[in-house]
Colleague: 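This is the structure I have questions about; it appears just below.
Proteins get letters first, then strands, A, B, ... in listed order; numbering begins at 1 in each. All values below come from the heavy atoms of this structure, side chains included, with hydrogens, waters and symmetry mates left out. Being a predicted model, the structure only gives us computed values, none of them experimental.
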There are 2 protein chains.
Amino acid sequence: MAKSRRVSSSADQREGGRRQVLETIRAAGRIARIDIAKAAGASPATVTAITSELIAAGLIEECADPPLQDAKRGRPRVALKIRGGAHLVAGVKVSHHAASVVITDFEGTEITAREMRLAENRMTPAKLCDEILRSLDEACAAGGLALGDLSGIGIGIAGLVDARRNFVYWSSSLRERNVDLGRMLEARVHCPVFLDNDANLVAKAEHIFGEGRNVDNFIVITVEHGVGMGIVLDGRIYRGVRGCGAEFGHTKVQLEGALCQCGQRGCLEAYVGDYALLREANLNSETDHKDIDSLFAAAGAGEEIAGSILDRAGRMFAMGLANVVNIFDPSLIILSGAQLNYDFLYSDKVIDQMKRWIVQVDAPIPEVKVHGWGDLMWAKGATAYAIEEVSNLTVRELAANAG
Amino acid sequence: MAKSRRVSSSADQREGGRRQVLETIRAAGRIARIDIAKAAGASPATVTAITSELIAAGLIEECADPPLQDAKRGRPRVALKIRGGAHLVAGVKVSHHAASVVITDFEGTEITAREMRLAENRMTPAKLCDEILRSLDEACAAGGLALGDLSGIGIGIAGLVDARRNFVYWSSSLRERNVDLGRMLEARVHCPVFLDNDANLVAKAEHIFGEGRNVDNFIVITVEHGVGMGIVLDGRIYRGVRGCGAEFGHTKVQLEGALCQCGQRGCLEAYVGDYALLREANLNSETDHKDIDSLFAAAGAGEEIAGSILDRAGRMFAMGLANVVNIFDPSLIILSGAQLNYDFLYSDKVIDQMKRWIVQVDAPIPEVKVHGWGDLMWAKGATAYAIEEVSNLTVRELAANAG
DNA sequence: CGATTTAATTTGAAACTCAAAAAAAATCTT
DNA sequence: AAGATTTTTTTTGAGTTTCAAATTAAATCG
C-alpha cells in the first residue's frame with residue numbers, strides 16, 4: 001500500500017502551517033506578516049497566531065531596524081526574520097585533501113570557518129570520524145565555542161550516500177564500503193548529525209542562500225574531481241529510493257568509452273573530471289601538467305593536444321547538460337564548483353551545443369547560471385542542510401508540546 | 001516568491017482528505033473503512049464522515065458482494081469501491097496509422113473499444129480534430145452512447161505536449177507546431193478534454209491499473225516507433241516546467257551519432273526505434289525488411305547484419321536504462337510497448353549490461369518489469385488520466401457545494 | 001444465548017481557520 | 001495640530017474539522 005501523509009496528526013494540525021511560515025520567512029529573509037499571508041495563502045489572522053508562537057519559541061523575531069522600504073502610508077509593516085541566535089549549526093565538507101568546517105548561526109551568518117588538511121585521502125571509518133571530530137573541535141575552539149553548543153551538524157562527503165539513513169554506501173574518502181557513519185558520529189557528539197552527498201548539499205546551499213533562492217525546480221551540477229548533481233523538485237532534494245540517484249557523473253556518454261575511477265567505462269566524469277583531463281593530457285603530450293591551471297593555460301597558448309582535450313570535455317559536458325534538460329525540463333541549471341573557474345565547460349560554444357542538442361520547443365529554454373563558489377561553499381551547504389533539519393525538528397517539537 | 005499551497009482554503013478544508021480517501025480506494029480496488037483510516041493516517045471517525053459524503057455524492061459505493069476475505073470474528077468489514085456508474089470517460093490514442101478509442105466507466109471497466117484507421121500520418125490541426133471527433137462518435141455509437149454522456153476525454157499523442165495547458169508544441173501527427181489542440185477540441189464537445197504525451201499516459205495506466213499499482217516511484221519506458229518515458233514521483237507524473245521533460249528518446253547516447261527523426265544526431269531513439277532499425281537494415285543488406293518481425297526473424301536465423309543491428313540496439317538501450325537508474329534510482333522500471341514483443345530489448349544480456357553500467361551499491365537494484373500491452377493500452381492510459389482528472393474536478397465541486 | 005471480538009457510527013470536546021471588527025500606527029489634509 | 005485616511009496587525013466569534021471515547025452493530029466463540 002502506498003504510504004501517505006496523515007490527513008492531520010492528533011497532537012498538531014498546525015505543524016504544516018508552522019513549517020510553511022518558517023520556510024517563507026527564510027526564503028524572503030525579512031518579510032512582514034501580511035506578505036507571509038499572501039505568499040502562504042493563509043489569512044492574516046492565522047499568520048499572526050503562528051508567528052507569535054514562533055516568536056515565543058525563539059525561532060523568529062521582529063526586526064524594526066532597517067524598516068521595510070514600503071513608503072505610502074498606513075501602519076508600517078514590521079519585518080520578521082529568523083532569529084540567528086536560535087541555534088548554532090556546523091557544516092563539514094570532507095574532500096580528498098581537507099576537511100572544511102563552517103559554523104553559522106540559525107540565519108546562516110558565518111561565525112567561524114576552518115580548513116584542516118587531511119593526512120590521508122582514504123581512511124578507515126574510525127579514522128575519518130576522528131578527523132571530522134578534530135576539525136569540528138578546532139573550528140569550535142576558533143570561534144570560542146564548545147561542541148556542545150551546536151544544535152546540529154551537517155556533513156557532506158563525495159560518494160554514494162543514503163541521506164535518509166545517514167549511511168555511506170561508498171566514498172572515495174573511505175577504505176570500506178557500507179559505513180554507518182552517521183551513527184558512529186552521533187555516538188560521539190550530543191546533537192543530531194545529517195549526512196549527505198556533497199552535490200546535494202550544494203543544491204541545498206543554492207536553494208537557501210544562492211542562485212536557487214525562490215526557485216523551486218532546478219538542477220545543480222558540480223564539477224570538481226568528479227561530477228555530481230543535485231536535483232531540487234518542488235523545493236525538495238530528490239534522492240531516489242535507495243538514496244543514490246542523481247549520479248550524473250556516472251551516466252554513460254559513450255559506449256565502452258574512457259575508463260572512469262569507478263571502474264566502469266564511458267562515464268561523463270571520465271571525460272570532464274579533472275583527473276581524467278590530466279590523465280589524458282599527460283599520456284599524450286611531453287609537457288607534464290600538474291593541474292588544470294597548467295592544462296588550461298596550454299590550451300590558451302594554442303597547444304593543440306591541450307585544446308583538443310578541453311574541447312572534447314566541453315562537447316561531452318554539453319551533451320550531458322542537454323540530456324539533463326531533455327529529462328527534467330528544469331527552469332534553471334546552476335553550474336557550480338572549482339572546475340568552473342575555467343570557461344571551457346560553460347563557454348558560449350558549450351552552451352550553444354547544449355541548445356542544439358535539446359528538444360526544440362517554442363518556449364524559453366532553461367536558464368544556465370554559473371556559480372563558481374570557493375571551497376567553503378560545500379561546507380556552507382552542509383550548514384544549510386543542518387539548519388533545515390534542525391528547523392524541522394524544532395517545529396515538530398513545538399507541535400508536540402503545544403498540546 | 002515561490003508559489004505555495006494554501007494552508008487551507010476557505011470553502012473547504014476537507015478537499016485534501018476527500019481526494020486522499022478516493023485515491024486510497026482506487027489504489028486498493030476494494031477496501032474497508034478501517035483500512036482506509038490506516039492507510040491514510042486518519043481516524044475512523046473522519047473516514048466515516050468523508051466516505052458517507054462520497055457515497056451521497058455517488059462517487060463510491062459499498063459492495064457486500066464478495067465479502068472481504070477476513071475471517072476471524074467481530075463485525076465484518078464492508079468493502080467500499082469506486083462507483084463505476086459515477087461517470088463515463090473516453091480515452092483516445094492518436095498514432096501514425098490509427099486512432100484508438102476506449103470508453104470505460106469510472107472504475108476503468110471497459111464499455112467499448114474501437115480502432116479507426118487514419119487516412120494520413122500528418123494532418124492539419126482542424127483535420128486531426130475532425131478525425132478524433134469522428135472516432136469518438138463511432139466509439140460512442142458502438143457502445144450505444146452519445147458523446148454527451150461522457151464526463152471527460154483523455155487524449156494521448158506522440159510528441160511534445162504541455163499537459164497543463166492542453167497544448168501541443170510539436171507532434172508527428174500534426175503538420176503545424178504550437179497547436180492549442182485542447183481548446184479546439186473543447187469547443188466541439190461538452191466535457192473537459194485532457195491532453196498529454198502518450199508515454200505519460202502509459203505511466204498513468206501502469207500506476208492506476210497496471211504494474212505500478214501501489215508503487216509511487218517508478219519509470220515507464222515505451223518503445224514503439226519512437227522511445228518515450230513517463231516519470232512517476234511520489235505518485236504523480238513529473239512533467240518539468242515547460243511540460244516537455246522526460247524526453248528519454250532524445251537523450252544523446254553518442255556524440256554526433258545516428259540521425260534521428262527529430263533532425264538531431266545520436267538520440268537513443270535513432271538506435272532503438274523501429275524506423276531506425278529498419279533504415280539501417282535496409283541500407284546494409286540485400287533483404288528488404290518491411291517490419292521488425294522480419295528483421296527479428298532474420299537475426300534469429302543467424303543473419304549477421306540483422307543480428308548486429310539488434311545487438312547494438314540492445315546495448316544502446318541498456319546504456320539508456322542504466323543512465324535512468326543512475327539519475328532516478330527508482331524502485332521499478334516498466335518497459336512497455338509493441339517493440340517489447342521482441343526480446344532483444346530486455347533479454348538477460350541487456351539487463352546484465354544495464355546492471356553492469358549502473359552505480360554499484362550494496363542495495364537491491366531496481367526491478368525491471370516488461371509489460372507488452374497491446375495497442376489499446378495507450379487508450380486505456382488516456383482513460384486513466386481522464387478518470388483521475390474528473391475525480392479531481394468532482395471532489396473540488398463537492399467541496400465548493402459543501403459550504 | 002451470553003461473552004467476546006472487531007467494525008462502524010455517534011458524540012462531545014478541542015483545535016484550527018477565517019471573516020469581520022477593532023486596534024494600532026503611520027501619513028495626508030486642512 | 002486635529003481629524004480623516006490608509007494600511008497592518010490583533011482580537012473576536014463563528015463555523016469547520018478532527019479526534020478520542022463511548023456507543024452501536026454485526027459477526028464468531030464457547
Side-chain angles (χ1 to χ4, degrees), chain A residues 5-21 25 30-56 60-64 67-80 398-403, chain B residues 5-21 25 30-56 60-64 67-80 398-403:
Chain A
R5 226 174 306 112
R6 301 174 65 83
V7 166
S8 93
S9 85
S10 71
D12 123 69
Q13 289 148 62
R14 191 173 251 181
E15 184 179 321
R18 280 195 202 94
R19 203 194 317 275
Q20 203 181 354
V21 167
I25 296 175
R30 291 161 37 82
I31 186 172
R33 290 174 179 80
I34 184 105
D35 295 315
I36 297 175
K38 264 177 222 147
S43 70
T46 302
V47 172
T48 292
I50 291 178
T51 53
S52 59
E53 258 187 355
L54 293 177
I55 289 172
I60 62 174
E61 63 190 356
E62 298 192 342
C63 64
L68 287 171
Q69 76 312 358
D70 193 51
K72 304 204 174 146
R73 47 200 192 131
R75 176 173 176 171
R77 308 169 169 209
V78 356
L80 297 172
L398 212 62
N401 299 342
Chain B
R5 227 172 307 113
R6 301 173 66 81
V7 166
S8 93
S9 86
S10 72
D12 123 67
Q13 292 150 55
R14 189 172 254 181
E15 184 179 323
R18 283 195 199 93
R19 204 196 316 275
Q20 204 182 353
V21 167
I25 296 174
R30 293 161 36 81
I31 186 172
R33 289 174 180 80
I34 183 98
D35 294 317
I36 297 174
K38 263 177 226 150
S43 71
T46 302
V47 172
T48 292
I50 291 178
T51 53
S52 60
E53 259 187 355
L54 294 176
I55 289 172
I60 62 173
E61 63 191 356
E62 297 192 341
C63 66
L68 287 171
Q69 77 310 356
D70 192 51
K72 304 203 175 147
R73 50 201 191 127
R75 175 174 175 172
R77 308 165 170 213
V78 356
L80 297 172
L398 211 62
N401 299 342

Colleague: Mind calculating the distance between CD1 (B:I31) and C1' (C:dA8) to the nearest angstrom?
Modeller: 15 Å
Colleague: From the options C:dA8, D:dA27, D:dC19, select the nucleotide whose nearest atom is closest to the side chain of B:T46.
Modeller: D:dC19
Colleague: Please state how far atom CD in A:E53 lies from atom C1' in C:dC16, giving the value in whole angstrom units.
Modeller: 11 Å
Colleague: Could you give the CD1-to-P distance, from A:I34 to D:dT6, as a whole number of Å?
Modeller: 16 Å
Colleague: Between D:dA26, D:dT11, C:dA26, which nucleotide gets closest to the side-chain atoms of A:T48?
Modeller: D:dT11
Colleague: Rounded to the nearest angstrom, tell me the gap between atom CZ in A:R14 and atom P in D:dT18.
Modeller: 16 Å
Colleague: Roughly, in whole Å, what's the span from CD1 in B:I50 to C1' in D:dT17?
Modeller: 9 Å
Colleague: Atom CZ of B:R33 to atom C1' of C:dT6: distance rounded to whole Å?
Modeller: 15 Å
Colleague: Would you name the heavy atoms of B:I25 and B:L80 that are closest together and state the gap between them?
Modeller: CG2-O, 4.0 Å
Colleague: Measuring from the side chain of B:A32 (C-beta onward, heavy atoms only), which nucleotide among C:dT9, C:dC18, C:dA8 has the closest atom?
Modeller: C:dA8
Colleague: Would you indicate which nucleotide in D:dT10, D:dC19, C:dA25 comes nearest to any side-chain atom of A:P76?
Modeller: C:dA25
Colleague: From the list C:dA8, D:dT11, D:dA27, which nucleotide is the closest neighbour of the side chain of B:V78?
Modeller: C:dA8
Colleague: Between the protein and nucleotides 2-5 of chain C, which nitrogen or oxygen pairs are less than 3.5 angstrom apart?
Modeller:
from, atom 1, to, atom 2, distance (Å)
C:dT4, O2, B:R73, NH1, 3.3
C:dT5, O2, B:G74, N, 3.3

